[in-house]
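Structure first, then comments.
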2 protein chains.
Amino acid sequence: MNTSQRFAISIHALTLLAASSGPLTSEAIASSVDTNPVVIRRTMSGLRAHGLVTSKPGAHGGWRLVRPPQQIVLRDVYQILGGEDVLSIHGHPNQHCPIGGRIKGPLKNIFNEAQTELEKSLGKYTVADVLSDIRKTRS
Amino acid sequence: MNTSQRFAISIHALTLLAASSGPLTSEAIASSVDTNPVVIRRTMSGLRAHGLVTSKPGAHGGWRLVRPPQQIVLRDVYQILGGEDVLSIHGHPNQHCPIGGRIKGPLKNIFNEAQTELEKSLGKYTVADVLSDIRKTRS
DNA sequence: CATATTTGTAACCATTATAGTTACAAATAT
DNA sequence: ATATTTGTAACTATAATGGTTACAAATATG
């Protein structure tokens with residue numbers, strides 16, 4: 001997932017929805033994120049597929065949260081977006097080499113554990129936490 | 001750093017060096033990794049700049065470890081390679097929006113903490129651990 | 001000293017991922 | 001009906017990456 005901004009954009013959008021009484025259009029979200037509405041639709045459609053948000057087309061349509069923001073854990077958002085593992089194994093080490101032929105397993109174990117710790121950390125925060133942090137921030 | 005294989009390649013190369021009595025050429029390392037020698041030189045030059053390995057040009061030259069493999073912590077290798085943060089903030093949220101104008105700080109805190117946990121996990125293992133894992137692996 | 005070996009590095013290409021953009025169909029509220 | 005809004009395909013521009021070629025510089029050895 002690395003360099004992708006989708007995770008940050010998703011949290012931004014969810015936080016906006018958490019702070020809003022009614023639904024928000026892709027246009028409105030895109031304006032706050034400063035990007036194109038299509039980028040928002042693309043990003044949000046994954047969250048919708050996993051039941052975090054709903055959308056309604058047409059006049060007075062837009063996006064809204066399905067669950068209260070206290071129940072939207074950042075780890076879940078991260079996992080929905082999926083994407084590459086943060087640490088990736090190199091493609092095709094030489095199987096005829098005693099090191100190259102056996103390094104993938106050990107590496108995979110170490111990389112998986114590290115990623116699990118990263119996700120565990122994201123599991124400590126919800127969209128509600130982000131919103132309350134923002135409200136504590138002086139402008 | 002995400003999708004990049006440089007971290008995995010570096011650990012692979014360091015593990016090869018740990019298992020070798022003499023120096024190894026970029027050619028030999030590249031053969032085990034299955035890539036081009038220039039890719040190895042590029043990757044290793046960063047490790048050399050940080051004192052993990054040395055290189056010598058010319059006949060019977062090549063790469064060798066500076067420290068024993070028990071003292072090469074994977075977190076240090078990871079940090080040397082540097083690159084992007086694993087979780088990246090989106091570029092330019094709208095500063096006139098009460099959410100967009102304040103979301104960067106809270107996000108940065110959460111992302112930094114998660115990355116620290118990832119690196120802490122990598123801090124638990126050394127190149128010697130990888131080599132010993134490999135030696136336990138049945139071929 | 002001549003030669004073979006090996007790193008150092010610049011330059012370039014191909015591939016891939018991403019964000020951004022345009023365009024338009026379909027759905028919806030009024 | 002009409003205006004609004006999502007859904008989605010298609011395309012472009014940009015950037016990162018790995019791979020490759022080419023050649024200079026350094027080094028060991030006979």
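Numbers restart at 1 for each chain; the letters A, B, ... are given by sequence-line order, proteins then strands.
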Q) According to the Watson-Crick and G-U wobble definition with distances under 3.5 Å, which dot-bracket string, read 5' to 3', encodes DNA chain D, using [ ] for crossing pairs and | for pairs with another strand? A) ||||||||||||||||||||||||||||||
Q | Whole-Å distance separating the CZ atom of R64(A) from the P atom of dT6(D) | A |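 Atom-to-atom, R64(A) to dT6(D), this comes out as 13 Å.
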Q) Tell me: CH2 of W63(B) to C1' of dA26(D), nearest whole Å? A)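 Distance check: W63(B) CH2 to dA26(D) C1' gives 14 Å.
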Q) What side-chain hydrogen bond (donor to acceptor under 3.5 Å, both in side chains) pairs are there with at least one residue in residues 61-75 of chain A, not counting sequence neighbours? A)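 side-chain hydrogen bond (donor to acceptor under 3.5 Å, both in side chains) check on residues 61-75 of chain A returns S26(A)-W63(A).
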Q.
Can you pull out the residues from residues 44-57 of chain A that lie within a 4.0 Å heavy-atom distance of DNA chain C?
A.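 Close to the strand are K56(A), P57(A).
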(Q) Could you see if L122(A) belongs to whatever hydrophobic cluster contains L81(A)? Use Ile, Leu, Val, Met, Phe, Trp, Tyr and a side-chain cutoff under 4.5 Å. (A)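 Yes, L122(A) connects to L81(A) through the hydrophobic network.
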Q.
Strictly by salt bridge (Lys or Arg N to Asp or Glu O under 4.0 Å), give each pair with a member in residues 39-54 of chain B just once, sequence neighbours left out.
A.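 Of all non-adjacent pairs touching residues 39-54 of chain B, none passes salt bridge (Lys or Arg N to Asp or Glu O under 4.0 Å).
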Q: May I have all residue pairs that pass salt bridge (Lys or Arg N to Asp or Glu O under 4.0 Å) and include part of residues 112-122 of chain A, sequence neighbours excluded?
A: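 Listed by first then second residue: E113(A)-K124(B), E117(A)-K120(A).
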Run the side-chain contact (heavy atoms from CB on, under 4.5 Å) test against [X] and tell me which residues pass, sequence neighbours left out.
X      : value
A59(A) : none
K56(B) : none
A18(A) : L65(A), P69(A), V127(A), L131(A)
T35(A) : A30(A), V33(A), V39(A), I40(A)

Q. Rounded to the nearest 0.5 Å, how far apart are CG of N112(A) and CD1 of I89(A)?
A.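 Atom-to-atom, N112(A):CG and I89(A):CD1 are 8.0 Å apart.
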Q.
Rounded at 0.5 Å granularity, tell me how far CG in L47(A) sits from OG in S45(A).
A.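 Reported to 0.5 Å precision, the distance equals 8.0 Å.
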Q) Does any non-hydrogen side-chain atom of H12(B) lie less than 4.5 Å from one of I99(A)? A)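 Yes, at least one pair of side-chain atoms sits under 4.5 Å.
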I'd like a list of close polar pairs between nucleotides 19-22 of chain D and the protein, N/O only, cut-off under 3.5 Å.
| residue | atom | partner | partner atom | Å |
| --- | --- | --- | --- | --- |
| dG19(D) | OP2 | T35(B) | OG1 | 2.2 |
| dG19(D) | N7 | R42(B) | NH2 | 2.6 |
| dG19(D) | O6 | R42(B) | NH1 | 3.4 |
| dT20(D) | O4 | R42(B) | NH1 | 3.4 |

**Q.** Selection: residues 13-28 of chain B, any non-hydrogen atom under 4.0 Å of DNA chain D
**A.**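 Heavy-atom cutoff 4.0 Å gives no residues at all.
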Q. F7(B) vs F111(A) aromatic rings, parallel, tilted or perpendicular, using cut-offs 30° and 60°?
A.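 Rings of F7(B) and F111(A): parallel, as their planes differ by under 30°.
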Q: Would you tell me if any nitrogen or oxygen in the side chain of H60(A) comes within less than 4.0 Å of OP1 or OP2 on dT5(D)?
A: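 False: H60(A) side-chain N/O out of range (4.0 Å or more) of dT5(D) OP1/OP2.
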Q) Quick one: salt bridge (charged side-chain N to carboxylate O under 4.0 Å, His left out) partners of E27(A), sequence neighbours excluded? A)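 E27(A) satisfies salt bridge (charged side-chain N to carboxylate O under 4.0 Å, His left out) with no other residue.
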